[in-house]
S.K.: 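If you scroll down you'll find the structure; I have some questions about it.
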Amino acid sequence: MWAIDQFGFFVDVDSAHKPDSLVVDYRSPEELKTLLDLALPENGLGMEGTFDSIKEALKYSVNSWNPRFMDKLYAGTTPIGMDPRMVRIVARNCVSILHNLICDSNFPSLSKGVISELLIAALNTNTHVYHVSPVFTLMEMEVTKAVGKLLGMGENGGGLLCPGGSASNQLALITARNYLYPTTKTKGYIPRPYDPNAAYGRLMVFTSEHGHYSVEKAVMLMGLGTENVVKVKVDGEGRMSVDEL
């Protein structure tokens, strides 16, 4: 599916399009964890380490170039009517340029971002389920676990990568409500006194007076109502004032 050249790697489109090529070299999450080094180091790994990580990601990712790739939500990578040989030439040239960027100390942050975009575009995948994106799913788990530690959530902290702040706040609020009051998942939000047997009354959401508008949008979507959002005053450093709670 993938081949290695003097620059480190390139997408071998001709091979990837062959019907007998693998759609994915599938490994269970437990096995794949032992094959990949996804731990976040204290210091950067440099160019060689970057390309090693990329090659491993390509090796165990789903080959969406394969004609037998027929997953939902999206189709194969090659644009309709584009000659695979042309795609191969473009891929080789892109990797050559990116290799030079990584070697250039004047573009340390640009090169990493660009090469990440190339990798994502070449794989044409997402992380909605493990079997579609095994490597990126484990990466997501490792990154969110590391962030959890930085935020003081302990060894069992974790989370999800969301497309933006609005989705993140909505997911956080729904998760909090469902965790505290599991019946809202099955019976819906029916507080006391409308349901005398409910374990909760009217639910309130506390946020900073500088809070993002997505908090109010989320409570509307959840059926809580914007009148139940309490905006707490902040101090000179933008922190919610405990005295105002």
S.K.: Quick check for you: to the nearest 0.5 Å, what is the distance between Asp37 atom CG and Glu56 atom CD?
M.R.: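 One finds 9.5 Å between CG of Asp37 and CD of Glu56.
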
S.K.: Hey, quick one: are Leu38 and Leu40 part of the same hydrophobic cluster, counting side-chain heavy atoms closer than 4.5 Å, chains of contacts allowed?
M.R.: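 No, because Leu38 and Leu40 fall into different hydrophobic clusters, even though each may have its own neighbours under 4.5 Å.
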
S.K.: For Ser214 and His212, does a side-chain donor sit closer than 3.5 Å to a side-chain acceptor?
M.R.: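 Looking only at side-chain atoms, His212 and Ser214 do form a donor-acceptor pair, the distance falling under 3.5 Å.
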
S.K.: Calculate, to the nearest 0.5 Å, the distance between atoms CG and NZ belonging to Asn169 and Lys217 respectively.
M.R.: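 Asn169 CG to Lys217 NZ: 9.5 Å, rounded to 0.5 Å.
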
S.K.: Leu224, Phe206: one ILVMFWY side-chain cluster at the under-4.5 Å cut-off?
M.R.: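 As far as the 4.5 Å side-chain criterion goes, Phe206 and Leu224 are not connected within one cluster.
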
S.K.: Shared ILVMFWY cluster between Val232 and Leu203, side chains joined below 4.5 angstrom?
M.R.: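 Different clusters: Val232 never reaches Leu203 through Ile, Leu, Val, Met, Phe, Trp or Tyr contacts under 4.5 Å.
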
S.K.: What is the minimum heavy-atom distance between Tyr26 and Pro29, and which atoms define it?
M.R.: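 For Tyr26 versus Pro29, the nearest heavy atoms are OH-CD, 4.4 Å.
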
S.K.: Under the side-chain contact (heavy atoms from CB on, under 4.5 Å) criterion, do Leu171 and Leu160 qualify, and how do the steps go?
M.R.: CA-CA 9 Å; Leu171 178 61; Leu160 296 173; 3.7 Å; yes

S.K.: Taking only residues two or more places apart in sequence or in another chain, which ones pass side-chain hydrogen bond (donor to acceptor under 3.5 Å, both in side chains) with Arg27?
M.R.: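 For Arg27, the residues satisfying side-chain hydrogen bond (donor to acceptor under 3.5 Å, both in side chains) (neighbours in sequence not counted) are Asp25, Glu31.
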
S.K.: Pairs of donor and acceptor atoms involving the side chains of residues 233-241, under 3.5 Å and at least two apart or interchain, shall be tabulated with distances.
M.R.:
unit_1: Asp235; atom_1: OD1; unit_2: Glu237; atom_2: N; d: 2.9
unit_1: Asp235; atom_1: OD1; unit_2: Gly238; atom_2: N; d: 3.1
unit_1: Asp235; atom_1: OD1; unit_2: Arg239; atom_2: N; d: 2.9
unit_1: Asp235; atom_1: OD2; unit_2: Arg239; atom_2: NE; d: 3.0
unit_1: Asp235; atom_1: OD2; unit_2: Arg239; atom_2: NH2; d: 3.1

S.K.: Mind checking whether Val215 and Tyr179 sit in one hydrophobic cluster, side chains of I, L, V, M, F, W, Y counted as touching below 4.5 Å?
M.R.: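 Yes; tracing contacts between hydrophobic side chains, which count when under 4.5 Å, links both residues.
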
S.K.: Are Met204 and Leu180 in one and the same hydrophobic cluster, where Ile, Leu, Val, Met, Phe, Trp and Tyr link if side-chain heavy atoms are under 4.5 Å apart?
M.R.: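 Shared cluster, no.
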
S.K.: Looking at every heavy atom in both Cys162 and Ser168, which two are closest together, and how far apart are they?
M.R.: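 Shortest heavy-atom contact: CB-OG, 3.3 Å.
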
S.K.: For residues 143-158, dump all side-chain donor-acceptor pairs below 3.5 Å to protein atoms at least two apart in sequence or in another chain.
M.R.:
unit_1: Thr144; atom_1: OG1; unit_2: Glu140; atom_2: O; d: 2.8
unit_1: Thr144; atom_1: OG1; unit_2: Met141; atom_2: O; d: 3.2
unit_1: Thr144; atom_1: OG1; unit_2: Gly159; atom_2: N; d: 3.4
unit_1: Thr144; atom_1: OG1; unit_2: Gly159; atom_2: O; d: 3.4
unit_1: Lys149; atom_1: NZ; unit_2: Glu155; atom_2: OE1; d: 3.4

S.K.: Can you tell me how the ring of Tyr189 sits relative to the ring of Tyr200, calling it parallel under 30°, perpendicular over 60° and tilted otherwise?
M.R.: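 Ring orientation, 0 to 90° scale: parallel.
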
S.K.: Residues in side chain to side chain contact (heavy atoms under 4.5 Å, CB included) with Ala172, at least two apart?
M.R.: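 None.
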
S.K.: What's the shortest heavy-atom distance between Leu173 and Ala218, and which atoms?
M.R.: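 Of all heavy-atom pairs spanning Leu173 and Ala218, the closest is CD1-CB, 3.7 Å.
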
S.K.: Can you check side-chain contact (heavy atoms from CB on, under 4.5 Å) on Lys33 and Glu142, steps first, answer last?
M.R.: CA-CA 10 Å; Lys33 285 180 181 179; Glu142 192 68 30; over 6 Å; no

S.K.: Could you list the residues that satisfy side-chain hydrogen bond (donor to acceptor under 3.5 Å, both in side chains) with Asn228, not counting sequence neighbours?
M.R.: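 Per chain and number, Asn228 pairs via side-chain hydrogen bond (donor to acceptor under 3.5 Å, both in side chains) with Arg202.
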
S.K.: Do the side chains of Pro134 and Val62 get nearer than 4.5 Å, heavy atoms only?
M.R.: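 Heavy-atom side-chain distance check passes, below 4.5 Å.
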
S.K.: Find the distance between OH (Tyr60) and CG (Leu36) and round it off to the nearest 0.5 Å.
M.R.: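 The OH atom of Tyr60 sits 7.0 Å away from the CG atom of Leu36.
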
S.K.: What is the distance from atom CD1 of Ile174 to atom CG of Leu221, rounded to the nearest 0.5 Å?
M.R.: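 Between atom CD1 of Ile174 and atom CG of Leu221 there are 7.5 Å.
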
S.K.: So do Leu32 and Leu138 actually touch side chain to side chain, heavy atoms under 4.5 Å?
M.R.: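 Heavy-atom side-chain distance check passes, below 4.5 Å.
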
S.K.: Could you name each residue pair satisfying salt bridge (Lys or Arg N to Asp or Glu O under 4.0 Å) that touches residues 165-192, not counting sequence neighbours?
M.R.: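 Listed by first then second residue: nothing to list.
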
